[in-house]
Structure formats: C-alpha cells, structure tokens
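Step one of this worksheet: look at the structure below.
The chains referred to below are lettered A, B, ... by the order of the sequence lines, with proteins before strands, and numbering in each begins at 1.
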2 protein chains.
Amino acid sequence: MDAEAIKRSLEGSGLRCTAQRYAVMEFLMDHKGHPTAAEIFEAVNHVDPRSSRATTYNNLRDLVKAGLVREVAVEGRAGRFDLQGMRHHHFICDRCGNVEDMEWFDVPRPASRSLGKRIVRECHLIFRGLCPKCAQRSASR
Amino acid sequence: MDAEAIKRSLEGSGLRCTAQRYAVMEFLMDHKGHPTAAEIFEAVNHVDPRSSRATTYNNLRDLVKAGLVREVAVEGRAGRFDLQGMRHHHFICDRCGNVEDMEWFDVPRPASRSLGKRIVRECHLIFRGLCPKCAQRSASR
DNA sequence: AGACAGTTTAGATTATATCTAATATAATAT
DNA sequence: ATATTATATTAGATATAATCTAAACTGTCT
Ligand SMILES: [Mn+2]
Ligand SMILES: [Mn+2]
Ligand SMILES: [Zn+2]
Ligand SMILES: [Zn+2]
C-alpha cells in the first residue's frame with residue numbers, strides 16, 4: 001500500500017520508479033529524523049540493490065525539484081532531507097545541528113509592495129535554539 | 001564614527017578589536033548583499049593587512065557566536081553572512097541562490113505545548129522562489 | 001530487433017570548511 | 001618599561017560535502 005503510493009507519486013512527477021529512487025523514498029518514509037544524503041546512501045546500501053553515491057545525490061536533487069522531498073540547509077553541516085508530507089516548520093539545534101519538525105501554522109504574507117518582482121514559491125519558518133536533549137545537557141552543568 | 005561603533009560592538013562582546021576582525025565587520029557594513037566567507041576573505045585581502053582564510057572563518061564563527069553577525073545556510077552552496085542589524089527575514093532564490101532581505105514582521109509564537117522542552121533563541125522566515133532578476137529571465141523565455 | 005531517452009555507476013574532481021601547531025599580538029600585572 | 005598571559009593569526013594540510021565525467025545499463029516504443 002505504501003509501495004503503491006511511492007510508485008504513484010514518482011510517476012506523477014514524471015520520474016521512473018527505479019529501485020534506487022524507490023529505496024530513497026522508502027527510507028525517508030520510515031525515518032522522519034531528517035537524515036543527510038550520506039546517511040541515506042549508507043542506509044539504502046545495507047539492502048540490495050546497491051546504489052552509488054552519485055545516484056543518491058542525483059535522486060535527492062530530482063526528488064526535491066519534483067517537490068516530493070524537501071532539503072533543509074544547516075550552516076556548516078550537511079543538508080538534511082525529509083518527505084514533503086504535511087506542511088510543517090522546522091527547529092534547528094544550535095548545538096547538535098539536529099532538525100526537528102514544528103507544527104504548521106500559517107504565516108502572514110508580506111506586503112506585496114515589499115515583495116517587488118519576486119515570485120514566492122514557499123515560505124517556511126526556522127526556529128533556532130537548543131533541542132530538548134541539548135537544553136537538558138546545558139541546564140545540568 | 002562607524003569605526004568607533006564597530007570597535008565598541010566587538011569589545012562589548014568580549015572580542016578584541018583586531019585589524020582582521022575589524023576588516024570583516026567593515027566589509028559587511030559596506031556590502032549588504034550577503035557575501036560568502038570566500039568573498040569576504042578575498043575582499044579584505046585587497047587591502048592590508050592580509051588576513052588568512054582560517055582567520056576569516058574563525059572570525060566569522062566568533063562573530064556569529066557573539067550575535068553580531070548572522071549566517072544564512074543555502075542548500076548546496078556556501079553559507080552567506082550579514083550584519084545582525086535591524087531584524088529582518090530572508091528570501092532565497094531557487095535559481096541563483098542569492099539571499100535578499102525581507103522586511104521584518106512579527107511571527108506568531110508556536111503554542112508552548114508544541115515547543116516542549118526546546119529553548120527557542122530566535123525565529124526567522126525563509127521565503128523561496130525566484131529573485132527579481134531570475135523571475136524576469138524565466139518570464140522572457 | 002533497433003533506437004532512444006532516462007538512469008546508474010566508479011572514481012575523479014571541485015567546493016567548502018576545519019584543524020594543527022608554530023608564531024604573533026594585545027591586555028594586564030609587576 | 002618589561003614580563004606574563006590569554007587571545008588571535010598563520011600557512012598549509014586535512015576533512016567533509018557535493019558534483020562531474022563518460023561509459024554502461026534499463027525500460028519503452030516502433
Ligand atoms: Mn521536517
Ligand atoms: Mn540579511
Ligand atoms: Zn541539540
Ligand atoms: Zn535569482
């Protein structure tokens with residue numbers, strides 16, 4: 001049932017449902033913790049068929065372009081990926097760099113005067129601070 | 001006068017006002033276009049005294065930690081820096097990766113229930129889409 | 001079968017950022 | 001002024017992240 005959903009979403013975006021692509025989508029579906037490309041590459045290669053690093057990066061890029069996957073850039077660290085499921089914002093930990101989901105809520109649109117000639121595709125909030133684990137650690141010192 | 005302001009803000013953060021640090025601050029003050037570390041390094045080395053790459057990165061990191069400078073991560077590209085002046089949001093161009101300032105407006109706080117044990121230091125909106133230059137380019141094709 | 005576009009691959013290459021450990025500098029104490 | 005000390009700088013090596021290359025493979029269509 002999820003298998004079919006993945007297949008359909010790939011084909012709906014004009015992407016062939018290859019074993020390598022499917023594996024990336026399946027891994028993201030099962031791991032909501034915003035893995036890096038390297039982690040995804042490692043993980044999908046524990047099971048057959050093997051996928052190359054270039055393919056993992058190529059596929060992640062294609063999936064982001066197709067709007068099925070989202071990339072979250074983190075300063076000084078590898079980018080992290082998640083499925084574009086329910087809309088949500090993000091929290092990034094200053095200390096460990098982990099990315100966590102935050103409940104979605106609507107954000108006021110900027111005045112069209114301040115938008116100028118830009119074309120806005122999406123907008124997304126980034127909260128920063130200490131994640132629960134790091135907050136606790138820093139409190140107990 | 002700006003010179004004094006830079007000096008004071010460095011010392012107020014417990015950072016010595018060295019020639020290299022001053023040069024980074026001065027460059028950011030004069031170039032509001034969110035330069036990369038490499039661009040800052042290049043630029044401050046057109047004038048004496050020469051600063052090394054390591055120092056540029058070290059200083060940018062210290063300045064960010066001190067809250068005087070902000071870093072904006074962009075997926076697949078070098079991080080970009082700006083002075084922490086007036087609060088503002090950011091717009092990142094899908095095509096060219098340029099970062100532009102967007103007028104500040106308050107963002108509703110997430111429900112404390114959804115915050116959990118996190119400690120939020122800041123929150124900041126990222127708009128994405130096409131910058132004016134790229135929007136025009138893509139329209140005329 | 002043959003043709004073709006899309007996809008995958010290993011490894012090289014580029015881009016970005018950090019580390020190392022020797023040296024220099026600024027602030028403070030004597 | 002000189003000594004002491006914590007901070008800061010440096011060149012170059014190293015680490016990490018991402019992309020490129022060109023050849024091989026796969027699925028679809030005729
Ligand atoms: Mn997410
Ligand atoms: Mn800015
Ligand atoms: Zn954390
Ligand atoms: Zn642009």
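- Here the nucleotide nearest the side chain of R61(A), chosen from dT9(C), dT10(D), dC20(D), is dC20(D).
- Across the interface with DNA chain D, nearest-nucleotide mapping of R16(A) and R16(B) shows R16(B) to be the residue nearer the 5′ end.
- Here dG11(C) is the nucleotide among dT8(C), dA17(C), dG11(C) with the atom lying nearest to any side-chain atom of R53(A).
- Among the atoms of the strands shown, base atoms are found under 4.0 Å from some heavy atom of T55(A).
- Salt bridge absent: K32(A) and D82(A) never bring a charged side-chain N and a carboxylate O closer than 4.0 Å.
- Within the 4.5 Å cutoff, side-chain heavy atoms of F81(A) are placed close to those of I40(A).
- Nearest to the side chain of A78(A), among dT10(D), dA17(D), dT9(C), sits dA17(D).
- Between H90(B) and H34(B), the ring centre distance stays below 6.0 Å.
- The nucleotide whose nearest atom lies closest to any side-chain atom of Y57(B) is, among dC19(C), dA26(C), dT18(C), dT18(C).
- When each of E11(B) and L15(A) is assigned the nucleotide of DNA chain C bearing its nearest heavy atom, the one mapping closer to the 5' terminus is L15(A).
- Per the geometry, CG belonging to L63(A) stands 15 Å off C1' belonging to dT8(C), to the nearest Å.
- Within the 4.0 angstrom heavy-atom criterion, only backbone atoms of the sugar-phosphate kind lie near R21(A); the bases stay farther away.
- Contact check for H89(A) versus W104(A): side-chain heavy atoms found under the 4.5 Å cut-off.
- Using a 4.0 Å heavy-atom cutoff across all strands shown, D62(B) reaches no nucleic acid atom at all.
- F41(B) has its CZ atom 15 Å from the P atom of dT18(C), to the nearest Å.
- Residue S51(B) is in sugar-phosphate contact alone, with no base atom involved, counting any heavy-atom pair closer than 4.0 Å across all strands shown.
- Taking only side-chain atoms of T18(B), from C-beta outward, the nucleotide of dC19(C), dA8(D), dG11(C) with the closest atom is dA8(D).
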